[in-house]
Structures are given as C-alpha cells and as structure tokens.
*Asks:* 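Please see the structure below; I have some questions.
Only a predicted model underlies this, so the values are computations on that prediction, with no experimental measurement involved.
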Amino acid sequence: MEQFTMTVARGFGSGGKEIASRVAKRLGIHCYENRILTLASQLSGLDEELFTEVDEKLSTHGGFAAMMRGLPRARGYIARDKKFVSDDQIFSYETKIIENLADTESCVIVGKAADYVLRNHKNVVSVYIEAPRAYCVDRTMEHMEVSAEVAARTIEATDQYRAEYYKYYTGGNYWTNPINYDLTLNAERVGGSNACVDVLLDYLKRKGLISEEDIRK
C-alpha cells in the first residue's frame, strides 16, 4: 500500500461518514472526523511557542494521530443546528493536524475542507458523497429516530453550515463543486453504502495506491 489520504465530503444523511469509516476499516487504517475539531479546539488554547513545543515532541511519537486516538469518536450523526461562525484560529490548527496526518500515515479524513487543505499534497483522493433528499431524510429518521419534518430541517441546516464553512475557508469556493473532487457519488444510485465502499476501493486500486491484498474481507 502506498501512503495516501482519502478526504470525504458528504451531504447530511447520505451515508458519507459511514462509507468513509468502512473504507478505512477495510484497509486497516484510521478514519478521522470529529476528533480533529476536538483536538484543534484544545490546542487553540495554547500560545504559539507552547504549540510549537508540543508539535516538535509529537513529530517523534506518531504525530497528532497519537493524541487523537485517545479522544472519543462520535457514534451518531453530527448535526449543526446553528449558523456558521468562523474561527480562524481553530481552522489554522485543524489545517496543521490534517497536513500532519497526510504526512505521517495513510488515513481517511471526513469533512473539515480537507480536500482544499491537501490540494497540493500528493497521493490524495478526494470524494464527495451525496444522495437525493428523500434518501437522506429516510436515513436521518432511522439513525436519529426523528420525524420526517425534523430530519428535513436538520439536513437543510447542517448542509447550509457545511457550505458556509467551506466557502469561508476556501476563499469563495463552493462545497458541492465537482471539480474539487476525484469522484462524486450518488449513494442511492450507486446502491448504498457497501456499494460505494467497493467503488472507492476499486478507484484506489486503479490509482495504484492499494492492491487487492491490502483489502480486508
């Protein structure tokens, strides 16, 4: 297996996070999402000199990944029910964490405009997962145990948050722009989460980043 990073952007309810996690599991690598924000928030409380000291120490002990593995992972959906408010300092730390991960290990990174952050790195495969609204509503109702009305509002609010986040930190680019990604998958048309995982693994093989022997059954 070549060292590579897969970034996954996704519409809320499309199954993108689940797909990202399954790809990582099939390859025996880590999938990072909410823990990047958690660690960035913690590090943003440090002054620059102390952060540099921490960064230098971590570089010889597995990088930021070693710290994130001790942080809890979100098991459910992460919805955003409030308007986007920028925090340049936290994003700066998120960027440093994402770049460090890409430099030190093969991994899958969900969200955080990682495709933009890593646009000049080699061996990066960027993916966008979306699905029709009805499909996303059904999945959200099932996973969050909410009504169709609540699911629809949650999807709209969270996707709006993600779009504004991406636009702000990329200097005006838009989140759903297919030019940003190697692949854009319609999870429903492809055949669901498992089928999307197979498509992504096949693409990684075609890119020469993994072999059949790297895939766990």
Side-chain angles (χ1 to χ4, degrees), residues 4-24 31-41 74 76-99 101-102 107-121 124-140 143-144 151-190 192-193 196-197 199-200 203:
F4 73 93
T5 306
M6 175 176 284
T7 73
V8 179
R10 74 286 185 219
F12 192 84
S14 66
K17 180 182 174 183
E18 177 185 349
I19 291 164
S21 181
R22 290 187 183 184
V23 168
C31 181
Y32 299 106
E33 192 225 41
N34 61 295
R35 289 176 293 174
I36 293 175
L37 174 57
T38 301
L39 181 57
S41 298
Y77 278 18
I78 301 176
R80 304 291 183 185
D81 59 358
K82 55 186 177 181
K83 291 185 177 181
F84 166 72
V85 177
S86 64
D87 191 320
D88 293 348
Q89 185 176 16
I90 287 181
F91 184 75
S92 175
Y93 283 104
E94 287 181 344
T95 296
K96 292 174 182 177
I97 293 167
I98 289 169
E99 290 177 336
L101 292 172
C107 61
V108 180
I109 300 175
V110 181
K112 307 296 177 290
D115 62 286
Y116 176 80
V117 171
L118 298 177
R119 63 195 182 282
N120 295 320
H121 281 59
V124 175
V125 172
S126 295
V127 181
Y128 178 70
I129 309 292
E130 192 52 279
R133 178 58 60 89
Y135 178 91
C136 295
V137 167
D138 286 345
R139 293 189 80 261
T140 301
H143 287 81
M144 294 185 68
R153 289 199 302 269
T154 301
I155 292 167
E156 182 176 0
T158 305
D159 283 355
Q160 180 65 31
Y161 182 98
R162 291 172 178 173
E164 292 178 3
Y165 177 100
Y166 193 92
K167 182 178 181 179
Y168 179 85
Y169 290 120
T170 63
N173 203 337
Y174 64 97
W175 171 49
T176 57
N177 185 354
I179 301 302
N180 298 338
Y181 308 102
D182 293 66
L183 295 173
T184 299
L185 301 183
N186 181 324
E188 181 182 51
R189 289 193 178 186
V190 172
S193 297
C196 287
V197 170
V199 169
L200 296 179
Y203 184 71

*Asks:* Measuring from atom NZ of Lys96 to atom CD of Glu94, what distance do you get when rounded to the nearest 0.5 angstrom?
*Replies:* 12.5 Å
*Asks:* Apply side chain to side chain contact (heavy atoms under 4.5 Å, CB included) to Ala187 and list each qualifying residue two or more places apart in sequence or on a separate chain.
*Replies:* Ile129, Ala131, Tyr135, Cys196
*Asks:* Please enumerate all residues that pass side chain to side chain contact (heavy atoms under 4.5 Å, CB included) together with Thr95, with sequence neighbours excluded.
*Replies:* Phe91, Glu99, Val117
*Asks:* Under the side chain to side chain donor-acceptor pair (under 3.5 Å) rule, collect the residues that match up with Glu156, sequence neighbours excluded.
*Replies:*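 Here no residue qualifies.
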*Asks:* Hey, are the side chains of His121 and Thr5 touching, using non-hydrogen atoms and a 4.5 Å cut-off?
*Replies:* no
*Asks:* I'd like to check the side chain to side chain donor-acceptor pair (under 3.5 Å) partners of Ser193; sequence neighbours left out, ordered by chain and number.
*Replies:* none
*Asks:* Run the side chain to side chain contact (heavy atoms under 4.5 Å, CB included) check on Thr7 and Val124 step by step: do they pass?
*Replies:* CA-CA 7 Å; Thr7 73; Val124 175; 4.1 Å; yes
*Asks:* Looking at every heavy atom in both Leu200 and Val23, which two are closest together, and how far apart are they?
*Replies:* CD1-CG2, 4.0 Å
*Asks:* For Tyr116, is the NZ or CZ atom of Arg119 found under 6.0 angstrom from the centre of its six-membered ring and inside 45 degrees of the ring axis?
*Replies:* yes
*Asks:* If I take atom CD from residue Glu18 and atom OG from residue Ser14, how far apart are they, to the nearest 0.5 angstrom?
*Replies:*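 Separation between the atoms: 10.0 Å.
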*Asks:* Taking all atoms of both residues into account, what is the closest heavy-atom pair of Ile97 and Ile36, and its distance?
*Replies:*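 Scanning both residues, the minimum pair turns out to be CD1-O, 3.9 Å.
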*Asks:* Could you check whether the rings of Tyr169 and Tyr165 sit parallel, tilted or perpendicular, using 30° and 60° as the cut-offs?
*Replies:*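 Plane angle over 60°, so perpendicular.
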*Asks:* Please name all residues satisfying ring-ring contact (aromatic ring centres under 6.0 Å, His included) with Tyr168, sequence neighbours left out, ordered by chain then number.
*Replies:*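 Here the qualifying residues are Phe84.
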*Asks:* Which distance, rounded to the nearest 0.5 Å, do you find between the SG of Cys31 and the CD1 of Ile19?
*Replies:*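 Answer rounded to 0.5 Å: 11.5 Å.
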*Asks:* Which heavy atom of Pro132 sits nearest a heavy atom of Asn186, and at what distance?
*Replies:*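 Nearest pair, atom of Pro132 first, then Asn186: CD-OD1, 3.5 Å.
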*Asks:* Would you give the length of the straight line joining atom CG of Leu183 to atom OH of Tyr203, rounded to the nearest 0.5 angstrom?
*Replies:*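 With rounding to 0.5 Å, CG (Leu183) is 5.0 Å from OH (Tyr203).
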*Asks:* Which atom names give the shortest non-hydrogen contact between Ala20 and Val108, and what distance separates them?
*Replies:*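 Smallest interatomic distance, heavy atoms only, reads CB-CG1, 3.7 Å.
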*Asks:* Run the side chain to side chain contact (heavy atoms under 4.5 Å, CB included) test against Val199 and tell me which residues pass, sequence neighbours left out.
*Replies:* Leu185, Val190
*Asks:* Distance check, rounded to the nearest 0.5 Å: Arg153 atom CZ versus Thr140 atom OG1?
*Replies:* 12.5 Å
*Asks:* At their closest point, which heavy atom of Arg10 faces which heavy atom of Lys17, and how far apart are they?
*Replies:* CG-N, 4.2 Å
*Asks:* Who are the side chain to side chain contact (heavy atoms under 4.5 Å, CB included) partners of Ala152, not counting sequence neighbours?
*Replies:*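 Side chain to side chain contact (heavy atoms under 4.5 Å, CB included) list for Ala152, sorted by chain: Val137.
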*Asks:* What's the shortest heavy-atom distance between Ser126 and Asp115, and which atoms?
*Replies:*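 Looking at all heavy atoms of both residues, the closest pair is OG-CB, 3.3 Å.
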*Asks:* For Asn180, give me all partners under side chain to side chain donor-acceptor pair (under 3.5 Å), at least two apart in sequence or on another chain.
*Replies:* Tyr166, Asn173
*Asks:* For the side chain of Asp159 and the backbone of Phe12, is there at least one donor-acceptor N/O pair under 3.5 Å apart?
*Replies:* yes
*Asks:* Got a sec, which residues hit side chain to side chain donor-acceptor pair (under 3.5 Å) with Glu130, two or more places apart in sequence or on another chain?
*Replies:* Tyr128
